[in-house]
Structure formats: C-alpha cells, structure tokens
Amino acid sequence: MYQYNKLTDEQKAELVKYRISRGFPPHSPPHTIRDKEFYLLTATCYQHQYYMNSECRRQQMLQMVFDKFGDEDNAEALTTNIKMYAWVILPNHYHLLVRLVNFDVLSELFRKIHGALSRQWNLEDNVTGRKIWYSWADRAIRSERHYYTTLNYIHYNPVKHGFVKSPYDWVESSVHWYLETYGRQWLRDSWVEYPVKDYGKNWDD
C-alpha cells in the first residue's frame with residue numbers, strides 16, 4: 001500500500017500543498033532529470049493490486065514492452081530511439097532499465113501500453129471503469145556502479161518480494177537473457193561486485 005494512503009487527511013493536504021508549491025503535480029512522481037542516457041523506469045498497479053497475477057498477463061505486458069521499448073525488429077520501437085537493457089514483470093509492478101534519446105516520448109508510450117492492457121483486462125474480468133495503473137516513475141542512472149547495481153536490483157526483485165527463492169525461477173525477467181549471453185559466472189561476479197544491499201528500499205512497498 002502506498003505511504004500516501006497511510007497519511008491523515010491533514011497530512012495529505014500538506015503534502016499536496018508542498019508538491020504544488022514546488023511545481024510538481026499533486027500526486028504523480030516528478031520527472032525532473034531529462035538529460036541522462038540511462039534510466040530505471042518503474043510502473044505500478046493501482047494500490048499495488050495483483051492485476052498481473054497470471055503468467056499470461058505478465059507475458060502480455062512483456063510483449064507490449066518489447067513492442068514499444070526496444071525490440072529491434074519492431075518499426076515502432078525503432079522510431080522512439082529507446083533500447084531496453086533489463087526488465088522484470090511482477091504481479092503488481094514492473095521495472096525497466098532503458099537507454100533513451102528523447103525523454104519526452106515516455107509518457108505517451110506508457111499511456112499506450114497501460115491504456116490498451118487496462119481495456120483488455122477489464123473486458124476479460126467483466127468490469128467497467130476499473131483503474132488498473134497508478135503511475136510511472138524514473139530514476140536517472142548516475143554511474144557505472146549505479147547501472148550494474150540497478151541491473152542486479154531488477155533481477156533480484158522477484159526474490160525481494162517473496163515470489164521465488166532464486167532470480168532464475170522467475171520467467172518474466174531479463175536474468176535469463178544475461179544467463180544465456182554472459183553465463184552464470186558473470187552474473188555471480190556482477191552480484192559480488194555490485195551488491196544490492198538496501199538499494200531500492202521502500203520503493204515498491
């Protein structure tokens with residue numbers, strides 16, 4: 001559950017007032033760093049509900065992400081100048097590590113992805129007007145260490161949230177691509193050299 005929902009009405013009002021005074025939207029994460037090359041992108045289901053609890057839906061999300069964020073065989077992905085370097089799709093949120101040229105294309109890409117899947121899943125569940133997605137957030141990658149720690153964080157995320165005991169047990173993760181491409185020893189060495197520790201603490205609680 002979001003920390004916002006745990007606040008009193010007075011605390012919520014103060015938080016909104018503060019965000020508006022800083023020029024941020026009342027509730028959405030600010031996107032202030034726009035000149036970096038690599039970003040960690042995170043999107044979350046509304047109130048952390050498990051709308052992607054089935055492997056089928058996670059695969060649908062993953063295919064949509066590939067289509068929009070960097071499948072080199074996809075013409076639409078090529079026009080956005082975005083390449084995806086790591087990913088994980090969980091039942092209630094997902095993380096992407098991307099390289100991009102134009103930050104401003106992201107809002108429209110997320111709108112297309114989330115809009116299409118919201119309509120499809122609401123039809124499947126026979127509900128009308130249900131809100132599936134909360135929002136998306138970005139974090140600019142600041143260094144090589146930050147990059148590889150983020151990579152490890154993404155691959156460890158299913159373990160962090162208790163879905164599996166090993167990153168290799170989660171299907172919708174780029175850890176399998178890295179395992180096939182670089183091998184298990186490379187992944188182990190990367191984990192030792194760039195440990196996650198408290199990286200990302202409370203990001204998706």
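Both backbone and side-chain heavy atoms feed into the values below; hydrogens, waters and symmetry mates do not.
- Other residues, nucleotides and ligands contribute at most 12 non-hydrogen atoms within 6.0 Å of the CD atom of E180.
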Tell me, with the steps shown, if Y199 and H146 meet side chain to side chain contact (heavy atoms under 4.5 Å, CB included).
-> CA-CA 10 Å; Y199 182 88; H146 190 196; 3.2 Å; yes

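- Annotation for S118 and I132: closest pair OG-CB, 3.4 Å, computed over non-hydrogen atoms.
- Counting only heavy atoms from C-beta outward, the side chains of M52 and E172 never approach each other to under 4.5 Å.
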Give the C-alpha distance, both sets of side-chain angles, the deciding distance and a yes or no for side chain to side chain contact (heavy atoms under 4.5 Å, CB included) between I89 and Q59.
-> CA-CA 8 Å; I89 312 294; Q59 288 290 329; over 6 Å; no

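- Of all heavy-atom pairs between K131 and W133, the closest is CE-O, 3.1 Å.
- Heavy-atom neighbours of R130 CZ from other residues, nucleotides or ligands within 6.0 Å: above the threshold of 12.
- No more than 12 heavy atoms of other residues, nucleotides or ligands lie within 6.0 Å of OH in Y182, so this atom counts as exposed by the packing criterion.
- Taken to the nearest 0.5 Å, the NZ atom of K83 stands 12.0 Å off from the CG atom of L97.
- In this structure, NZ on K160 lies 9.5 Å from CG on L90, to the nearest 0.5 angstrom.
- The side-chain heavy atoms of H93 and H161, taken from C-beta on, include a pair separated by under 4.5 Å.
- Taken from CG in L117 to CD in E124, the straight-line distance is 9.5 Å, to the nearest 0.5 Å.
- Side-chain contact check for R184 versus L179: some heavy-atom pair is nearer than 4.5 Å.
- Annotation: side chain of L41 is in contact with side chain of V98 (closest heavy-atom distance under 4.5 Å).
- Residues passing the side chain to side chain donor-acceptor pair (under 3.5 Å) test with W170, sequence neighbours excluded: none.
- Cluster membership for V164 and Y50, using ILVMFWY side-chain heavy atoms within less than 4.5 angstrom, is shared.
- The shortest side-chain heavy-atom distance between I82 and L109 falls under the 4.5 Å cut-off.
- Test Y194, Y85, Y178 against L151 for side chain to side chain contact (heavy atoms under 4.5 Å, CB included) and you get one pass: Y178.
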Using the side chain to side chain contact (heavy atoms under 4.5 Å, CB included) rule, take C45 and Y134 through it: C-alpha gap first, then chi angles, then the decisive distance, then the call.
-> CA-CA 5 Å; C45 292; Y134 171 62; over 6 Å; no

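- The closest side-chain heavy-atom distance from H95 to L40 is below 4.5 Å.
- Note that the OG1 atom of T44 and the CH2 atom of W136 stand 12.0 Å from one another [nearest 0.5 Å].
- Closest heavy-atom contact between S174 and A86: OG-CA, 3.3 Å.
- With contacts defined as side-chain heavy-atom distances shorter than 4.5 Å, the pair I154/S173 does not qualify.
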Any chance you could lay out the side chain to side chain contact (heavy atoms under 4.5 Å, CB included) test for L187 and Y168, step after step, and finish with the verdict?
-> CA-CA 11 Å; L187 286 166; Y168 303 110; 3.6 Å; yes

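- For N53, there are no side chain to side chain donor-acceptor pair (under 3.5 Å) partners, not counting sequence neighbours.
- Residue W87 is not grouped with residue V171 when hydrophobic side chains (ILVMFWY) are merged at heavy-atom distances under 4.5 angstrom, including chains of intermediate members.
- Only one option out of V159, N157, V88 pairs with P167 in a side chain to side chain contact (heavy atoms under 4.5 Å, CB included); it is V159.
- Interatomic distance, T42 OG1 to R139 CZ, rounded to the nearest 0.5 Å: 6.0 Å.
- L96 CG to T150 OG1: the interatomic distance, rounded to the nearest 0.5 Å, is 12.5 Å.
- In summary, of the residues considered (Y39, Y153, F38), a ring-ring contact (aromatic ring centres under 6.0 Å, His included) with Y147 occurs for F38 alone.
- A search for side chain to side chain donor-acceptor pair (under 3.5 Å) contacts involving E193 returns nothing, not counting sequence neighbours.
- Here the side chains of K68 and F110 are not in contact, with every heavy-atom distance at 4.5 Å or above.
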